[in-house]
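In what follows, a single structure is set out as structure tokens and then discussed.
Atoms within a ligand are numbered from 1 in the order they appear, just like the ligands themselves. Side chains included, hydrogens not; waters and symmetry mates left out as well; all remaining heavy atoms used.
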Amino acid sequence: MKLGLVGLPMSGKTTIFNALTGSTRPATMGIAGKLDVQVAVVDVPDALLDTLTAMFNPESKVHIKITYSDIGGLAKGISEGGLSGPFRNELAQMDGFLHVVRAFDDPNVPHPEETVDPQRDLDILDGEFLLSDLLIIENRITKLQEEMQRGKDRVANAKELELFEPLRAALENETPLRDVELTPAQRETLKGYTFLTLKPKLVLLNTGDEEHPVGEALHTAGANDAVLPIQGKLEMEIAQLDPEEAAEFMGEYGITEAMRDRVVRQSFDLLHIQTFYTVGEDECRAWTCPVGATAQQAAGRIHTDLERRFIKAEIISADTLIKLGGLVEAKEVGKLRLEGRDYVMAQGDIINVKHNA
Ligand SMILES: Nc1nc2c(ncn2[C@@H]2O[C@H](COP(=O)(O)OP(=O)(O)OP(=O)(O)O)[C@@H](O)[C@H]2O)c(=O)[nH]1
Ligand SMILES: [Mg+2]
């Protein structure tokens with residue numbers, strides 16, 4: 001899973017990147033318009049996986065991984081005439097955005113817009129993404145109309161135009177594409193375009209050391225945006241402590257859950273994905289699958305062969321297995337279920353795929 005940190009200059013992207021990844025990247029001032037990317041891959045902390053590993057004592061333990069990219073260089077006006085290729089390519093690779101918005105005031109930290117106004121800043125960057133998508137749609141519509149006039153692919157082109165016209169109208173009304181209702185077939189057509197406003201977005205409101213109630217800082221966000229208030233600098237300091245010190249520090253500041261864990265949880269929700277496990281003496285591993293995925297589709301996440309040759313799957317929830325103490329015990333009391341290909345996976349299921357040779 002790839003998450004991109006975006007935001008206006010000096011909003012705290014690099015600080016939060018360090019907090020999320022435990023990196024110690026210096027907070028140097030980026031240059032507006034110059035793409036600057038730093039990447040780190042981190043294991044998703046997972047208490048259930050830890051317990052399963054303690055039970056099975058396998059040779060290896062594999063966490064779900066998240067790739068965080070600190071994407072510097074976005075700024076006001078950058079989409080005029082279209083976002084440049086390197087920016088779009090970078091942004092297009094992301095599964096979702098963590099949009100950092102500055103709510104902290106600090107006389108030592110210059111603000112590109114002079115004053116602190118989180119709602120304005122959120123709207124500025126959202127506007128840039130809307131404009132960038134709009135330009136792509138307008139170009140496409142022009143091209144489709146030209147082709148139709150020449151009599152090329154009339155039916156297919158008419159269908160695409162039918163899809164794109166309302167999308168253009170939505171963007172002109174400042175509605176991101178993620179808020180437009182689309183059929184699965186339409187989503188499929190749009191996949192090739194990597195529209196930025198179609199990607200899930202979590203707003204990280206960087207409040208600094210003070211409390212800024214979300215409702216006060218962001219009055220129009222919230223209708224469709226998920227917002228997480230965080231104390232960027234403090235979280236970066238916590239990420240650099242050892243676990244014991246970190247717990248003590250968090251206690252002092254009344255922080256009950258580290259930002260890293262909150263961001264992961266909310267990102268999973270936003271991307272509609274969930275966790276499942278495979279266990280054994282060789283390996284205990286956490287995987288992701290879309291919410292609603294069937295057992296056969298989950299098998300495909302492990303290996304395409306397992307999906308093709310799928311017969312049945314043994315399923316038990318990790319919680320139940322841990323309570324019962326092991327697979328043998330679970331089998332004895334009939335809790336290890338045999339499920340067919342259409343079984344819908346639940347969060348925290350353990351799967352053992354039975355397949356054709
Ligand atoms: N007071 C205060 N300062 C912060 C906080 N978070 C970040 N800063 C400071 O704000 C400045 C900018 O932070 P960065 O994390 O570098 O911001 P950025 O968005 O990566 O900036 P660019 O890369 O230039 O776009 C740094 O001096 C940080 O120390 C915070 O929570 N409180
Ligand atoms: Mg930076």
Answer yes when Arg168 and Glu165 have at least one side-chain N-carboxylate O distance shorter than 4.0 Å, and no when they do not. yes
For Glu80, look at atom CD and say whether over 12 heavy atoms of other residues, nucleotides or ligands are found less than 6.0 Å away. no
N/O separation below 3.5 Å, Lys13 to ligand 1: yes
Is there a donor-acceptor contact under 3.5 Å linking the side chains of Gln38 and Asp70? no
Please say whether more than 12 non-hydrogen atoms of neighbouring residues, nucleotides or ligands are located less than 6.0 Å from OH in Tyr253. no
Note: heavy atom closest to atom 21 (O) of ligand 1, options His111, Met10, Glu235, belongs to Met10
With a cut-off of 2.8 Å, strictly less than, protein N/O/S atoms near the Mg ion (ligand 2) add up to 1
For the pair Lys76 and Asp123, find out whether any cationic side-chain nitrogen is under 4.0 Å from an anionic carboxylate oxygen. no
Pick whichever of Leu234, Ile16, Val109 has a heavy atom sitting closest to atom 10 (O) of ligand 1. Val109
Could you work out, for atom 32 (N) of ligand 1, the closest of Gly72, Gly232, Pro112, Gly208 by heavy-atom distance? Gly208
Check Asp106 against ligand 1 and report side chain, backbone, both or neither, counting heavy atoms closer than 4.0 Å. side chain
Electrostatic pair Glu188-Lys191, nearest N-O below 4.0 angstrom: yes
N/O donor to acceptor pairs below 3.5 angstrom from side-chain atoms of residues 256-264, sequence neighbours left out:
unit_1 : atom_1 : unit_2 : atom_2 : d
Glu257 : OE1    : Arg265 : NH2    : 2.4
Glu257 : OE2    : Arg265 : NE     : 3.3
Glu257 : OE2    : Arg265 : NH2    : 3.2
Arg262 : NH1    : Pro229 : O      : 3.4

Closest non-hydrogen protein atom to atom 26 (C) of ligand 1, residue and atom name please, with distance? Ala27 CB, 4.2 Å
Gln231 N/O under 3.5 Å from ligand 1 N/O: no
Counting only heavy atoms closer than 4.0 Å, does ligand 1 sit against the backbone of Asn206, its side chain, both, or neither? side chain
Can you tell me the protein heavy atom closest to atom 8 (N) of ligand 1 and the distance? Phe104 CZ, 3.5 Å
Return the set of residues passing ring pair (Phe, Tyr, Trp, His ring centres under 6.0 Å) with Tyr193 (not counting sequence neighbours), or none when no residue passes. Phe164, Phe195
Out of Thr207, Leu205, Asn206, which one pairs with Gln231 under the side-chain contact (heavy atoms from CB on, under 4.5 Å) rule? Thr207
For atom CD of Glu248, is the number of surrounding heavy atoms from other residues, nucleotides or ligands below 6.0 Å larger than 12? no
For Pro9, atoms of ligand 1 separated by under 4.0 Å from a heavy atom: 25 (O)
Identify, by atom number and element, the atoms of ligand 1 in contact range of Gly30, meaning under 4.0 Å from any of its heavy atoms. 22 (P), 23 (O), 24 (O)
Identify the protein heavy atom lying closest to atom 17 (O) of ligand 1, giving its residue, its atom name and the separation to 0.1 Å. Gly12 N, 3.1 Å
Protein heavy-atom partner closest to atom 30 (C) of ligand 1 - residue, atom, separation in Å: Lys233 CB, 3.6 Å
Check if Gly7 has a non-hydrogen atom at a distance under 4.0 Å from any atom of ligand 1. no
Sequence neighbours excluded, which residues qualify as side-chain contact (heavy atoms from CB on, under 4.5 Å) partners of Ile322? Leu48, Thr51, Leu52, Met55
Name the closest protein heavy atom to atom 15 (O) of ligand 1, giving the residue it belongs to and the distance to 0.1 Å. Thr15 OG1, 2.5 Å
Can you tell me how far CD1 of Ile31 sits from CG of Asp36, rounded to the nearest 0.5 angstrom? 8.5 Å
Between the side chains of Asp209 and Lys233, is the shortest nitrogen-to-carboxylate-oxygen separation below 4.0 Å, so that they form an ion pair? no
